[in-house]
Chemist: 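Here you go, one structure.
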Amino acid sequence: MNKTSSPVAAQSTRLVLWTLLVVYILNFLDRQIVNILAEPIKQDLGLSDTQIGLMTGLAFALFYTVLGIPIARYADNPKSSRTTLISVSLAFWSGMTALCGLAQNFGQLLLARIGVGVGEAGCTPAAHSLITDTVPAEKRSSAMAFYGLGIPIGSLLGMAMGGLLADAYGWRTAFLVAGVPGIIMAVAMPMLIREPRRHSPASASVDAPMPNAPGAAAAVPGEPPAALPARDALREILRSKAMVQLLVAAGLVAFLSYGKTVWATIYFIRSHGLSPGETGLWLGISAGLAAMLGTWGGGWIADRYGSRDPRHILTAPALGLVIGAPILFFGYAAADWRFGLVLIVVATVLNSFYYGPTYACVQGLVRPQARAMATAVMLFAQNLIGLGLGPLFFGMLSDAFAPVAGEDSVRWVLYGAAWLGLVPAFFFWRARAHLASELGKASSSA
């Protein structure tokens, strides 16, 4: 299989990947900028830590995850335009980000954050499906990791830019400025990449559909494969043992990651006395660069060693979480924030190995007509459990510990979060055992 077999005729694979990367950067910039602005918002609007957790997590995640599945079904339809879907979604969530800056109370801010979640639901499932239609299977982990760089880059920009703007002009201005680039990009995107289905209908993916799978319609030469019923797509996803293990592992990683991202930011402000601008600059940039290195490294390791033994696609994610747990604990325990930051950076590299390998497996375990749906199910697990409950649960624990721990209540919560990384590591390791048979079955049927 080579790049010439891709349906994206007369279109640069690099242009597709770079365009989607920029969109995903804006996705996470708008999603995560609220983290660095949480403390100024709390002081201005008089919010509790539980309300901060609700605003930064559950309000966004509930609508993001619930709407993600029907939107993914639309993206999986061979007649749909995924590029148009992403462009419209980008314009909507960027506008809602700007509206966050106009909120006058907690209720208005909550509604605006819900709007951001509604818009962002249309991005990643469609983007993963486009990437899979563009990149050969043997390079898919690296391609997914490249797209996944949008997470640390967007988070880095959100932290650094949001913190500096908050220090200079206030948190409202930071939201307003953050929304502008996405609206511009939404206009430009349809001119940068085209929908492969519209220009090469005979090939909907670099992998052919599984001909004997339940619910599969016979493919007609010269026509795209028929849409897969939602029930059959969901059954195909959940009957994979590797997929179920990955859903648990990735959901737990997201729970810890989103919780730590929000509350480590607040921890540096409260416990170490840094300003939002200083925190965004030091923590945002260093942790962002570390996550970029880990995300790219995880994809590279998976492609290099997974080609020899499919189990090694998930070896680095499992071992990275195990090694990173004690390093992260000592990072939060450090009295000097500079030393603590160094340890957190090292742990962040190790904890970021999972993205490319996980989503490459997701795309390889199902047929093309279920790929956006598979991504949406994974995002449902990651964001409802992770983004929805992580920041909220951490905030509730911080409120509960406050009478005893005082300003160190957030530090206590982070201690526990560091060691809980061993749990998803266990499930990544268990998923390895099923990859050889399940990915091999998908390849032989493709």
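All residue numbers in this chain count up from 1 along the given sequence.
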Chemist: Using a 4.5 Å cut-off on heavy atoms from C-beta on, say whether the side chain of Thr97 contacts that of Leu29.
Modeler: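 SC-SC contact between Leu29 and Thr97 ruled out.
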
Chemist: Which residue pairs pass the salt bridge (charged side-chain N to carboxylate O under 4.0 Å, His left out) test when at least one of the two sits in residues 15-32, sequence neighbours left out?
Modeler: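 Residue pairs passing salt bridge (charged side-chain N to carboxylate O under 4.0 Å, His left out), neighbours aside: Arg31-Glu120.
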
Chemist: Who passes ring pair (Phe, Tyr, Trp, His ring centres under 6.0 Å) against Tyr24, sequence neighbours left out?
Modeler: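 Scan of Tyr24 (ring pair (Phe, Tyr, Trp, His ring centres under 6.0 Å), adjacent residues dropped) gives Phe28, Tyr147.
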
Chemist: Are the side chains of Leu289 and Leu293 in contact, using a 4.5 Å heavy-atom criterion?
Modeler: no

Chemist: Taking the side chain as everything from C-beta on, heavy atoms only, tell me whether Ile151 gets closer than 4.5 Å to Ile25.
Modeler: no

Chemist: In the structure I gave you, are the side-chain heavy atoms of Glu195 and Thr84 within less than 4.5 Å of one another anywhere?
Modeler: no

Chemist: With a cut-off of 3.5 Å and sequence neighbours excluded, list every side-chain donor-acceptor pair involving residues 161-173.
Modeler:
{"residue": "Asp167", "atom": "OD1", "partner": "Gly277", "partner atom": "N", "Å": "3.3"}
{"residue": "Asp167", "atom": "OD2", "partner": "Ser275", "partner atom": "OG", "Å": "3.2"}
{"residue": "Asp167", "atom": "OD2", "partner": "Gly277", "partner atom": "N", "Å": "2.9"}
{"residue": "Trp171", "atom": "NE1", "partner": "Asp44", "partner atom": "OD2", "Å": "3.0"}
{"residue": "Arg172", "atom": "NH1", "partner": "Gly101", "partner atom": "O", "Å": "3.3"}
{"residue": "Arg172", "atom": "NH1", "partner": "Ala103", "partner atom": "O", "Å": "2.3"}
{"residue": "Arg172", "atom": "NH2", "partner": "Ala103", "partner atom": "O", "Å": "3.1"}

Chemist: Is the shortest side-chain heavy-atom distance between Leu102 and Leu176 below 4.5 Å?
Modeler: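 Yes, side chains in contact.
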
Chemist: Go through the steps for Asp133 and Arg82 under the test salt bridge (Lys or Arg N to Asp or Glu O under 4.0 Å), then give the verdict.
Modeler: CA-CA 11 Å; Asp133 279 3; Arg82 292 163 292 187; 3.0 Å; yes

Chemist: Hey, is the main chain of Gly406 close enough, under 3.5 Å, to the side chain of Ser409 for a donor-acceptor pair?
Modeler: yes

Chemist: Please name all residues satisfying side chain to side chain donor-acceptor pair (under 3.5 Å) with Ser87, sequence neighbours left out, ordered by chain then number.
Modeler: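 Once residues adjacent in sequence are excluded, Ser87 has no partner under the side chain to side chain donor-acceptor pair (under 3.5 Å) criterion.
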
Chemist: Verify, without hydrogens or angle tests, whether Glu236 (side chain) and Val366 (backbone) share a donor-acceptor contact under 3.5 angstrom.
Modeler: no

Chemist: Using the ring-ring contact (aromatic ring centres under 6.0 Å, His included) definition, which of the options Phe394, Phe329, Tyr267 pairs with Tyr415?
Modeler: Phe329

Chemist: For Phe146, give me all partners under ring pair (Phe, Tyr, Trp, His ring centres under 6.0 Å), at least two apart in sequence or on another chain.
Modeler: Trp18

Chemist: Could you note down all residue pairs passing salt bridge (charged side-chain N to carboxylate O under 4.0 Å, His left out) where residues 377-387 supplies at least one of them, sequence neighbours left out?
Modeler: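 As it turns out, there is no salt bridge (charged side-chain N to carboxylate O under 4.0 Å, His left out) pair with a partner in residues 377-387 once direct neighbours are skipped.
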
Chemist: Residues two or more places apart in sequence or in another chain: which of them pass salt bridge (charged side-chain N to carboxylate O under 4.0 Å, His left out) with Lys241?
Modeler: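 By the salt bridge (charged side-chain N to carboxylate O under 4.0 Å, His left out) rule, Lys241 matches no residue at all.
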
Chemist: Do other residues, nucleotides or ligands put more than 12 heavy atoms under 6.0 Å from Phe393 CZ?
Modeler: no

Chemist: Would you compute the distance between atom CE of Met378 and atom CE of Met373 and round it to the nearest 0.5 angstrom?
Modeler: 13.5 Å

Chemist: Would you indicate whether the side-chain heavy atoms of Met185 and Thr19 approach each other to under 4.5 Å?
Modeler: yes

Chemist: Check side chain to side chain donor-acceptor pair (under 3.5 Å) between Gln104 and all other residues, then give those that pass, not counting sequence neighbours.
Modeler: none

Chemist: So, the side chain of Ser129 versus the backbone of Pro125: is there a donor-acceptor pair under 3.5 Å, distance only?
Modeler: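 Such a contact is absent between Ser129 side chain and Pro125 backbone.
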
Chemist: Is there a donor-acceptor contact under 3.5 Å linking the side chains of Thr50 and Asp399?
Modeler: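 Side-chain D/A pair, Thr50 to Asp399: present.
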
Chemist: Restricting to pairs with a member in residues 281-304, which pass ring-ring contact (aromatic ring centres under 6.0 Å, His included), not counting sequence neighbours?
Modeler: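 ring-ring contact (aromatic ring centres under 6.0 Å, His included) check on residues 281-304 returns Trp282-Trp337.
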
Chemist: Kindly say whether Ala91 contributes a backbone atom to a donor-acceptor pair with the side chain of Ser94 at under 3.5 angstrom?
Modeler: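 Between the backbone of Ala91 and the side chain of Ser94 there is no qualifying donor-acceptor contact (under 3.5 Å).
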
Chemist: Does some side-chain heavy atom of Trp93 sit less than 4.5 Å from a side-chain heavy atom of Ser89?
Modeler: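 Heavy-atom side-chain distance check passes, below 4.5 Å.
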
Chemist: Would you please name every residue forming a salt bridge (charged side-chain N to carboxylate O under 4.0 Å, His left out) with Glu39, sequence neighbours left out?
Modeler: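 Here the qualifying residues are Arg270.
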
Chemist: Using side chain to side chain contact (heavy atoms under 4.5 Å, CB included), reason through Leu85 and Ser80 one step at a time and then give a plain yes or no.
Modeler: CA-CA 8 Å; Leu85 172 61; Ser80 69; over 6 Å; no

Chemist: Under the salt bridge (charged side-chain N to carboxylate O under 4.0 Å, His left out) rule, collect the residues that match up with Arg308, sequence neighbours excluded.
Modeler: none

Chemist: Show which side-chain atoms of residues 418-434 pair as donor or acceptor with protein atoms under 3.5 Å away, not counting sequence neighbours.
Modeler:
{"residue": "Arg432", "atom": "NE", "partner": "Arg311", "partner atom": "O", "Å": "3.3"}
{"residue": "Arg432", "atom": "NE", "partner": "Thr315", "partner atom": "OG1", "Å": "3.0"}
{"residue": "Arg432", "atom": "NH2", "partner": "Thr315", "partner atom": "OG1", "Å": "3.3"}

